[in-house]
2 protein chains.
Amino acid sequence: MTAIRLLLADDHPVVRAGLRALLETEPDFSVVADVATPDEAVELAARLAVDVVLMDLQFAGRMLGARATAAITSRDGAPRVLVLTTYDTDADILAAIEAGATGYLLKDAPPEELAAAVRTAAAGRSALAPAVALRLMDRVREPSTALSRRETEVLQLVAEGLSNDQISKRLFLSQATVKSHLAHIYTKLGVDSRTAAVATATAQGIIRR
Amino acid sequence: MTAIRLLLADDHPVVRAGLRALLETEPDFSVVADVATPDEAVELAARLAVDVVLMDLQFAGRMLGARATAAITSRDGAPRVLVLTTYDTDADILAAIEAGATGYLLKDAPPEELAAAVRTAAAGRSALAPAVALRLMDRVREPSTALSRRETEVLQLVAEGLSNDQISKRLFLSQATVKSHLAHIYTKLGVDSRTAAVATATAQGIIRR
DNA sequence: CTGCGCTTACACCTTTTGGTTGATGTCCGG
DNA sequence: CCGGACATCAACCAAAAGGTGTAAGCGCAG
């Protein structure tokens with residue numbers, strides 16, 4: 001049995017070293033490279049014939065991991081991408097899954113869970129951390145509080161302090177559409193103002209700040 | 001020359017492994033233990049006669065590191081505490097320094113910076129990451145961004161989703177006063193809406209969600 | 001003692017946001 | 001193929017929030 005070939009992508013040197021240290025103790029794992037940027041990850045994922053990429057979602061505070069994940073998984077014979085991040089918010093999870101991630105793990109996961117997820121991903125099966133799986137279950141069970149992708153996107157911008165007008169320009173919509181989305185968001189969250197929506201959504205982990 | 005004895009306190013196994021891997025390559029460092037909880041950190045810092053404690057601020061999403069830091073540094077002959085965390089918000093930095101931390105590093109620091117900071121801390125000198133030092137300088141230079149107690153109180157309620165009317169009732173003020181406070185807040189933060197104020201203040205750690 | 005900043009407060013006006021109703025097109029699943 | 005969820009936009013009205021000017025009491029440092 002050949003070793004599972006791994007590529008680590010995270011902008012924190014400490015995290016890269018930690019993952020390497022933890023994963024190299026497994027005899028059937030081989031960490032072939034670790035990189036600090038999404039671009040390097042995309043390039044090396046293609047060149048080095050790896051089996052699984054462990055990908056952070058945030059690089060230098062921005063959400064570049066999802067795009068890199070999409071770039072990696074879009075090719076034929078692409079490696080599996082296991083997203084490994086700090087936050088378990090709806091927005092992040094959906095972005096990752098949409099980008100083609102095979103699994104979603106949290107950085108506070110114990111080493112055994114990490115290794116198990118890598119093997120699951122290498123076998124092509126989906127690997128979700130318990131907390132993440134639970135959140136997705138809740139989402140399915142309770143569709144009234146589940147915001148659509150577009151709604152989440154709008155609300156994220158609201159949380160960043162943008163006005164309806166700024167949001168409409170950012171998303172190439174009319175203010176009317178932004179207001180429409182917000183009205184739906186208020187209904188779903190049971191609130192009646194943008195700040196209350198942000199507060200509620202933040203508390204529930206629907207958006208990140 | 002005796003080795004510098006280190007204790008690692010972080011709830012993320014990956015981070016503990018990473019710090020251990022990076023620091024043990026230094027011949028003059030000796031990692032004597034790593035722990036996952038603040039309580040263990042306080043206990044072992046006293047028992048093991050360590051020189052420097054590398055302390056995370058957040059444990060399981062809560063700010064327990066500052067209290068542990070205070071507990072460790074309050075004793076005679078206490079080890080130096082080097083706070084190592086992900087965020088460089090005002091509130092976190094001030095809490096750490098107030099608790100008696102000798103230094104404040106960010107987790108995205110390169111390994112050399114990390115090792116240098118440990119040696120600096122072991123020698124009893126203050127070790128601040130460049131980004132952190134810069135923020136403190138800004139704070140001293142630009143006191144206009146410092147909100148008064150009342151203003152912070154109002155803004156905290158805004159962040160919780162309350163309307164001006166609700167805030168006025170909560171604080172036994174008139175809506176006019178709340179609006180006055182908010183106008184001052186907008187000026188100090190350089191924004192022009194309540195959501196933008198919350199976003200900015202949260203980013204700077206002025207308020208906590 | 002005398003400013004200065006914080007807190008409180010009011011009035012007037014403009015801009016933004018929220019609430020409602022209605023309409024069109026798309027896409028997906030039964 | 002059709003219903004339903006989603007996304008898009010419009011027009012209108014009501015309410016909330018923001019902008020500006022003004023001002024009084026209070027505590028504190030120079």
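Just so it is clear: chains get the letters A, B, ... in the order the sequence lines come, proteins before strands, and each one is counted from 1.
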Where does the chain B footprint on DNA chain D start and end, counting 5' to 3' with a 4.0 Å heavy-atom cut-off? D:dA17 to D:dG19
Give, ordered by number, those residues of residues 174-183 of chain B having at least one heavy-atom distance below 4.0 Å to an atom of DNA chain C; if nothing qualifies, reply none. B:Ser174, B:Ala176, B:Thr177, B:Ser180, B:His181
Whether the A:Ser180 and A:Thr177 side chains hold a donor-acceptor pair (N or O, under 3.5 Å, no angle test) is what I'd like checked. no
Side chain to side chain donor-acceptor pair (under 3.5 Å) contacts touching residues 69-80 of chain B (sequence neighbours left out): none
Let's see if you get this right: which residues in residues 157-172 of chain B place a heavy atom under 4.0 Å from DNA chain D? B:Ser163, B:Asn164
Would you please confirm or rule out a distance under 4.0 Å between OP1 or OP2 of C:dT8 and any side-chain N or O of B:Arg150? yes
Applying side chain to side chain contact (heavy atoms under 4.5 Å, CB included), can you list everything that pairs with B:Thr195, at least two apart in sequence or on another chain? A:Val158, A:Arg194, A:Thr195, B:Ser193
Partners meeting salt bridge (charged side-chain N to carboxylate O under 4.0 Å, His left out) with A:Arg119 (sequence neighbours left out): A:Glu26, A:Asp28
Whether the A:Gln175 and A:Asp165 side chains hold a donor-acceptor pair (N or O, under 3.5 Å, no angle test) is what I'd like checked. yes
Can you name the salt bridge (charged side-chain N to carboxylate O under 4.0 Å, His left out) partners of B:Glu40, sequence neighbours left out? none
Is any side-chain N or O of A:Tyr186 closer than 4.0 Å to OP1 or OP2 of C:dG18? yes
Separation between OG1 of A:Thr120 and CG of A:Leu82, rounded to the nearest 0.5 Å: 8.5 Å
First encountered from the 5' end of DNA chain C, between B:Ser148 and B:Ser193: B:Ser148
d(B:Thr202 OG1, B:Ile207 CD1) to nearest 0.5 Å is 4.0 Å
Please report, rounded to the nearest Å, how far the P atom of C:dG19 is from the CG atom of A:Leu189. 13 Å
Sorted by chain and residue number, the side chain to side chain contact (heavy atoms under 4.5 Å, CB included) partners of B:Pro111 (sequence neighbours excluded) come out as A:Pro13, B:Leu22
With sequence neighbours left out, which residue pairs that include part of residues 12-24 of chain A fulfil the side chain to side chain donor-acceptor pair (under 3.5 Å) condition? A:Arg16-A:Asp34, A:Arg20-A:Glu24, A:Arg20-A:Asp34
Looking at CD of B:Glu113 and CG of B:Asp108, how far apart are the two atoms once the value is rounded to the nearest 0.5 Å? 8.5 Å
In short, salt bridge (charged side-chain N to carboxylate O under 4.0 Å, His left out) pairs touching residues 50-59 of chain B with sequence neighbours left out are B:Asp56-B:Lys107
Work out how much the helix from C:dC1-D:dG30 to C:dG30-D:dC1 bends between its end axes, five pairs an end, to the nearest 10 degrees. 50°
Can you tell me the distance, in whole Å, between the CG atom of A:Asp192 and the C1' atom of C:dT17? 12 Å
Beyond-backbone contact of A:Leu19 with A:Val31, side-chain heavy atoms, under 4.5 angstrom: no
Check: protein-nucleotides 26-29 of chain C nitrogen or oxygen pairs below 3.5 Å:
none

Is A:Glu153 paired with A:Arg149 through a side-chain N to carboxylate O contact shorter than 4.0 Å? no
How far does CG of B:Leu105 sit from CG of B:Leu128, to the nearest 0.5 angstrom? 8.0 Å
